[in-house]
Amino acid sequence: MTATKRIGIAIVEHAGQYLVGTRGPDGPLPGYAEFPGGKCLPDETPSDCAIRECLEESGLPIAPEKLLQQLEFEYPHGRVHLHFYLCHPEDAKSVSDRHQGFRWVELAELTTLKFPEANADVVKMLVRESNES
């Protein structure tokens, strides 16, 4: 049995839009939509991982605001413990239209994208919270 991998995920919101990329062809779940994130280093907190991974993957420095959700999920390629953090860019001046393959999408488009199954509840949560405000 393989160990559960801790994953830090940055759900980056700016001006009502969310930063989303597409998984490459060589890893698990190719072609699926994804938020910036990845595996935690051995002594790294999931929030620090989300910050690091977002910067590495998109080039955008971010600040976590709050933990939205954490859950364990079993995929065919392994078990993951996901930590989803709502984040914002550290500086609005650092925001551009695209960030190294990631782009900004409206909440309505977010719901139409094909995300990994474990992301479904957090996307629904974002929609619900938007409708309540």
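Being a predicted model, the structure only gives us computed values, none of them experimental. Numbers for residues simply follow the sequence, beginning at 1.
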Can you tell if the side chain of [X] reaches within under 4.5 Å of the side chain of [Y], non-hydrogen atoms only?
{"X": "L19", "Y": "H14", "value": "no"}
{"X": "V127", "Y": "L107", "value": "yes"}
{"X": "V20", "Y": "F115", "value": "yes"}
{"X": "V12", "Y": "Y18", "value": "no"}

Worked verdict on R52 versus E44 for side-chain contact (heavy atoms from CB on, under 4.5 Å): CA-CA 10 Å; R52 176 182 56 78; E44 186 177 42; 2.8 Å; yes

Any donor-acceptor pair under 3.5 Å linking the side chain of [X] with the backbone of [Y]?
{"X": "S58", "Y": "C54", "answer": "yes"}
{"X": "E53", "Y": "G8", "answer": "no"}
{"X": "E90", "Y": "A63", "answer": "no"}
{"X": "H83", "Y": "I7", "answer": "yes"}

Could you tell me which non-hydrogen atom of [X] sits nearest to which non-hydrogen atom of [Y], and how far apart they are?
{"X": "L71", "Y": "A118", "result": "CD2-O, 3.9 Å"}
{"X": "E106", "Y": "G16", "result": "OE1-O, 3.9 Å"}
{"X": "F102", "Y": "E34", "result": "CE2-O, 3.9 Å"}
{"X": "R23", "Y": "P116", "result": "NE-CG, 3.8 Å"}
{"X": "E129", "Y": "L68", "result": "OE1-CD2, 4.4 Å"}
{"X": "V95", "Y": "W104", "result": "CG1-NE1, 3.7 Å"}

Roughly how far apart are [X] [atom1] and [Y] [atom2], rounded to 0.5 Å?
{"X": "L86", "Y": "E65", "atom1": "CG", "atom2": "CD", "value": "5.0 Å"}
{"X": "K39", "Y": "C49", "atom1": "NZ", "atom2": "SG", "value": "9.5 Å"}
{"X": "N119", "Y": "M125", "atom1": "CG", "atom2": "CE", "value": "11.5 Å"}
{"X": "T111", "Y": "L126", "atom1": "OG1", "atom2": "CG", "value": "10.5 Å"}
{"X": "E74", "Y": "R79", "atom1": "CD", "atom2": "CZ", "value": "5.0 Å"}
{"X": "L60", "Y": "L55", "atom1": "CG", "atom2": "CG", "value": "8.0 Å"}

Give the intermediate values and the outcome of side-chain contact (heavy atoms from CB on, under 4.5 Å) for residues I62 and Y85. CA-CA 11 Å; I62 58 163; Y85 289 90; over 6 Å; no

Please name the residue in the list C87, P46, P61, P64 that meets the side chain to side chain contact (heavy atoms under 4.5 Å, CB included) test with I51. P64

Can you confirm if the aromatic rings of F35 and F84 lie within a centre distance of less than 6.0 Å? no

Could you walk me through whether L82 and Q70 pass the side-chain contact (heavy atoms from CB on, under 4.5 Å) check? CA-CA 5 Å; L82 303 170; Q70 62 178 317; over 6 Å; no

Go through H88 and E13 one step at a time and tell me if the side-chain contact (heavy atoms from CB on, under 4.5 Å) criterion holds. CA-CA 5 Å; H88 292 96; E13 188 274 334; 2.8 Å; yes

Are R103 and E109 ion-paired here, with the side-chain N under 4.0 Å from a carboxylate O? yes

T45 and D48: side-chain donor and acceptor closer than 3.5 Å? yes

Only counting residues at least two apart or in another chain, list the ones meeting side chain to side chain donor-acceptor pair (under 3.5 Å) with H77. none

